[in-house]
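Everything on this sheet refers to the single structure shown next.
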Amino acid sequence: MEELFLALEFGTIFEACACTASVMECVGGLRTQTDPNPNPNVNLQRRRLPPPRPMGSKKRNSGPEEPTTATEDSPKPLNKKPKNTTNSDDGQQQPSIKPMEKKKKRKALDKDRRRASSQPHAEPESAVSDTKPPPSSCGGALPEFHIGVFKDLAAASESARESAAKQLVMELKAVQNAYDARQEKESGEGALKLEAEKDDGLDNCAPSVRYAVRRLIRGVSSSRECARQGFALGLTVLVGGVHIIKVESFLKLVVNLLEVTSSMKGQEAKDCLLGRLFAYGALARSGRLTLEWNLDKSTPFIREFITVVISLANKKRYLQEPAVSIILDLVEKLPADALVNHVLEAPGLQEWFEAAIEVGNPDALLLALKVREKISIDSSVFGKLLPNPFTSSQLFSADHLSSLSNCLKESTFCQPRVHSVWPVLINIMLPSTILQLEDAALASNSLKKHKKSRKSSSSDEEIERNLQSFCEIIIDGSLLISSHDRKHLAFDVLFLILQKLPASLVPVVLSNKVVQCLVDVLSTKNTWLYKVAEHFLKQLSDWMGDDDVRRVAVIVAIQKHSNGKFDRITRTKHVKDFMSQFKTEPGCMLFIQNLMNLFVDEGNALEEPSDQSQTTDENSEIGSIEDKDSPRTNGNSDFLKSWVIESLPSILKFLKLDQEEKLRVQKEIMKFLAVQGLFTASLGSEVTSFELKEKFRWPKSPTSNSLCKMCIDQLQLLLANAQKGDGSRPSANSVEPNDLGSYFMKFFGTLCNIPSVSLFRSLDDVDEKAVKSLLAMESRLSREERSHECSTDVNRLHTLRYLLIQLLLQVLLRPGEYSEAASELIICCKKAFSSDLPESSGEDDVEVDDAPELMDVLVDTLLSLLPQSSAPMRSSIEQVFKYFCGDITDDGLMRMLRVIKKNLKPARHPDAASSDDDEDDDFINIEEEIDQAETGETAESDGQTDDSESAVEVEETDHGHSEASDDSDSGMDDDAMFRIDTYLAQIFKEKRNQAGGETSHSQLVLFKLRILSLLEIFLHENPGKPQVLMVYSNLAQAFVNPHTAEVSEQLGQRIWGILQKQIFKAKESPKGDGVQLSTLESLLERSLKLASKPFKRQKSASNPSKQSASLNRQKMISSLAQTSTFWVLKIIDSRNFRESELERMVQIFQEILVGYFDNKKSQIKSGFLKEIFRRRPWIGHAIFGFILKRCGSAKSDFRRVEALDLVMEILKSLVTGNSEQQNALKKILKNSLDKLSLLMKELVTNMPSKPARRSEVQKFCVKALEIVSKLNLTKQFVKTLAPDTKAALEAQLGEQFFSLKLEK
């Protein structure tokens, strides 16, 4: 049916052909293969597929018509129809033919055949009397009429149909004018008599016009291609252009030619009904009825037309709306008098209106509304459809809308299209003139805070009442509580309303039931309405566009009616996406103001979102002071308020404003969070500050402590983000603070001085003193920051100020916990800038000779703040540490590192004590003792321990358990240890009492992770300081400790990442005189020991996942040992030590090689040693003789053969030096020729049994001989060979050794 509605919705006669063939195919169902009216001047034997038979005929013949065929309009005897033809060529049924008439037609047909045989040159004529206009038989020929236009009228192309309609009316007008101008009309001829016998009322029409009218009427019932639209267009222009066609005759022909009989099937009857509908539409749009009224004010045709159209509409439901559309076309053309005297007086119309409410007829309501709009006169004809007297307030009253609800609910039959009655109702309810005026006023007044609301006119109030009633009765009370189709209709109607809706009325439309329906639909994705709701929200987003006023109204309405849980329940991000589209400062300010109102008004309906923010009550009611510690009962209200609190700072995530605009937005958010989270009004709910020139409001019921805490948390986050993105610094010339921290402290101090405002909780004397001290110190630092020019001092002052602010909020949030830390931090501030702070008091300036260093106290203070601090607090601590860590002492750094190594497990050897700080850092001791505990074995069970390894064992035994030494006071004074122990005890005491030791472990791990963040900052800011070695040693010890992996894998990964990225791969290495050679020697020795230490697999580890984790950990430890060795050697090379100073380094490598050759369990890899010799050739040169000796005396063939790669790497380095180094390198080999000969003797006289190893030995000997020859040392080498060695070499090497002897 869509093609019907599209064709009848156009406003002009030529727009009726805008429907395409695709629409016809989708809705009409079938396409015919032939034109409805084939040209009779074609061979009838040419067969095509028969078109649909709408009249129930058994058979019909048709043929294609030629594009142009000229005919004469002189009357001529017509041929009779064939016996088996009962349908016209247009696919329409002819009037029923009686048997006697069939006989007469057969006789006439025989006569025509005899006449045709006597005229051989004449063209064959059609067997159907009205498929071709009768030719003229008189002497004067009429203008030519081309019937090929009928074929073009059915074309899919709109332009082709328009051209055909124009040609049709032009040619038929010319024919009719010529026909009227003829003096003699051959009224006595048989042809004219035959046409007259039809009694169709077209007596004065030319035969071609008569033929065209009949054919066009039959053609509008055809569903082939676009025949229905095209023929309706042709009929419209023909009836409107040729006035000789009588309206009475036209109406009679429509009924006769498109009669619906009981024998017709469904599709055939439907085609005829649609054909009549299109024919009536053509008459209405042709303007003939208006012309008839202008000629005769008492014409009966208008009433008759209305009656037949209403009668047609009653036949089928799908005909009602297009039938009313046809009547409305006529209503638009007729004046008001004609409507009152003719249309409303038409028989059957009043009965149709009266029955509309009971049966639910939206089309009757549409017609009544449009006619009433045109005539502007009340009439009893409309019945109960319209109020009498008619006013918009009466129309949209609750009672009247309730009576119309049945009509409106039945409008769902035309889905997915929205019925035409809805736009008409919306236009009456929302005049288009209010949209731009109200939105303009809304935007201009939205940012004026705390002013009296804009006075609304009576018309605005009436519009709001009408809309409120419409939404409550129709949308909420009828559609949303009904079927899915009607819910779909409700969303469509809401979107139509939004097109004309000012933002101030959005809360009326997005009511509680609408939002709840959206929530219910979107929470289940597998429902049919899910896509409908998604589409509505997409339309809503498009409607908002870049209009911040609309966006604010929509967000507030949705969240208000869903208690701030719309995205959470629906599992979508619609509200979040809406909020991310704020781009301007005015839009953000408007949103912030509306959120404030939503928070303060406690969920009351916002009549106008922008104006509500301006409403104040000068005589505010004094509220009762309730206990704020008591739990709130209104959970939904608290949830909505919590969403408001969380949403305010999140606006800044998506803003791209300049610094000044962003600061203004931050100030508004900060003031709201501070007022609602930190303060409460002692009297009433409103307080005016004359100093700030602002009025502050609170909810009438006290805000719960949980919401106050949330406000403080968000306030801390806001200040931390402001500190990170702070592009400006306070300037000395600025009157107002131009950074958020300074503004907050000034704002806080101002509110504290207002008598009727108090803090949200009472403080004891200690906390109150701490708050005042923090305020005073921040003010002094702020003034100092404005006057400073040094960037380093400015950054230090700036970060300390923000830390003081965060600490003040923590004191208010958790009384009794941070007052001591606040006093210590204030002391640090005074000590750090004692010369710059003239206001320091005498009691704070007492100097003690043995007082701890400033950085030690600052580090202790920062560490004491870390455990229970919030994320913004930690951010401020890290910023302070970043700018002060350059002055950190070894003691302060060691305090941090001791926490990293801290273990809650008791020491296994409580009596063991560490001898000195250096040995306490030995991370080898930890790993070996853990292995002993896990496996019950020691390195002495190896049975192959030499003297050097025994020395290591003794050293480890003397030092004892390093973890026990961690608990000692080594390297820390009593005061420092007291601070750390007290601080750790404070961390674990409460948690251990609540949840046991496991919680204590997790708290300690969390604390370690936070300290690691500080250490990472230190390493990043000071990569070249000697203290990096201390950090590396302790972090490596903590990483190797298996307890670290047992407690937290995250902790181990974090330490590993810091070691790799911030130490080993840093752009700079530790340098300067502070890097002692003894320290490097110790670190190198420990790294090599760790690389060679055997790893014992746990026998009890039956879990495959645990075994895999243990194996991965062993690989990481091995990688750490190798990487650290390369890193230490890199530092050693950068210092350019003398050769005599590196003797200890050589001894360390010799000791490691002893264990490599003599201890089977040594895990040091030959590839690792080979890489050391390749990177640092001087090490290989120094131990070349030693490694030759040890390789020759190795007890294991595997070790001996594996070590040949090390020897070969050193030999290669001897021949790769430049010419200046060549003599020195040659001397190294020359001094070791005897050892090389002994090694080769050992190799060739005791060849390995395995072929692969034997091959390796042969290759080594050959390459070694080649290097000796290359350095011209062949003669000396051969002299060192014993006779038996020569014989063995000749036997094993053959030609290679023989050629060497020849070179000698």
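From a predicted model like this one, the values you see are computed outputs, not experimental measurements. Nothing fancy with the numbering, it's 1 onward along the sequence.
- Contact annotation: the side chain of D152 never approaches that of S163 to less than 4.5 Å [non-hydrogen atoms, C-beta and beyond].
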**Request:** Please step through side-chain contact (heavy atoms from CB on, under 4.5 Å) for the pair C205 and V213, ending with a clear verdict.
**Result:** CA-CA 10 Å; C205 296; V213 171; over 6 Å; no
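- Salt-bridge check for R288 with E292: passed, with a basic side-chain N closer than 4.0 Å to an acidic carboxylate O.
- Although no hydrogens or angles enter the test, the distance criterion places no donor-acceptor pair under 3.5 Å between the side chain of K370 and the main chain of L328.
- The nearest pair of heavy atoms linking G241 to V169 is CA-CG2, 4.5 Å.
- Using a 4.5 Å heavy-atom cutoff, the side chains of D271 and L258 are not in contact.
- Across every non-hydrogen atom of V237 and A165, the tightest pair is CG2-O, 3.9 Å.
- Side-chain contact between L349 and L367: present, with at least one pair of heavy atoms (C-beta onward) separated by less than 4.5 Å.
- The number of heavy atoms from other shown groups lying within 6.0 Å of NZ (K316) does not exceed 12.
- For the residue pair E345/N341, the side-chain donor-acceptor check at 3.5 Å is not satisfied.
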**Message:** Run the side-chain contact (heavy atoms from CB on, under 4.5 Å) test on L330 and V309 for me, step by step, so that the C-alpha distance in whole Å, both residues' side-chain angles and the decisive distance to 0.1 Å come before the verdict.
**Reply:** CA-CA 11 Å; L330 178 60; V309 174; over 6 Å; no
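- Across all their heavy atoms, L386 and A368 have their closest contact at CD1-O, 3.5 Å.
- In this structure, P335 and W293 have side chains that are in contact, with non-hydrogen atoms separated by less than 4.5 Å.
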**Request:** Test side-chain contact (heavy atoms from CB on, under 4.5 Å) on Q499 and I426 and set out the steps.
**Result:** CA-CA 10 Å; Q499 303 305 310; I426 293 171; over 6 Å; no
**Message:** What verdict does the side-chain contact (heavy atoms from CB on, under 4.5 Å) test give for I310 and I327, after you've listed the backbone C-alpha separation in whole Å, the side-chain angles of each residue and the deciding distance to 0.1 Å?
**Reply:** CA-CA 9 Å; I310 293 297; I327 297 176; 3.6 Å; yes
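- In this structure, C272 and M264 approach most closely via the heavy-atom pair SG-CE, 3.9 Å.
- Within 6.0 Å of CD on E248 lie no more than 12 heavy atoms contributed by other residues, nucleotides or ligands.
- Atom OG1 of T290 sits about 11.0 Å away from atom CD of E332, to the nearest 0.5 Å.
- Between F382 and F353, the two ring planes are tilted [angle within 30° to 60°].
- To the nearest 0.5 Å, the span separating CD on Q229 from CG on L233 amounts to 10.0 Å.
- For the pair K246 and F301, the cation-pi criterion (under 6.0 Å, within 45° of the ring axis) is not fulfilled.
- Without hydrogens or angle criteria, H419 side chain to V421 main chain gives a donor-acceptor distance under 3.5 Å.
- A donor-acceptor contact shorter than 3.5 Å is absent between the side chain of S311 and the backbone of V308.
- Note: Q176 CD to L238 CG = 9.5 Å, rounded to the nearest 0.5 Å.
- Between the side chain of E268 and the backbone N or O of K265, at least one donor-acceptor pair lies under 3.5 Å.
- By the 4.5 Å heavy-atom criterion applied to side chains, I245 and V209 are counted as neighbours.
- Using a 4.0 Å cut-off between a side-chain N of Lys or Arg and a carboxylate O of Asp or Glu, D337 and K297 do not qualify as a salt bridge.
- Considering all non-hydrogen atoms of both residues, N204 and D180 come closest at O-OD1, 4.0 Å.
- Salt bridge status for E321 with R417: present, with a side-chain N to carboxylate O gap under 4.0 Å.
- Taking CH2 of W352 as the reference point, atom CG of D363 lies at 5.5 Å (rounded to 0.5 Å).
- Side-chain contact between L319 and L274: present, with at least one pair of heavy atoms (C-beta onward) separated by less than 4.5 Å.
- Atom-to-atom distance recorded for E225:CD and S157:OG is 11.0 Å, nearest 0.5 angstrom.
- Going from atom CZ of F305 over to atom OG1 of T307 covers 10.5 Å, rounded to the nearest 0.5 Å.
- Side-chain contact check for V254 versus L283: every heavy-atom pair is 4.5 Å or farther apart.
- A pairwise comparison of heavy atoms in Y179 and P207 identifies CE1-CD, 3.8 Å as the closest pair.
- Residues R276 and V255 form a side-chain contact, since some pair of their non-hydrogen atoms from C-beta on lies under 4.5 Å apart.
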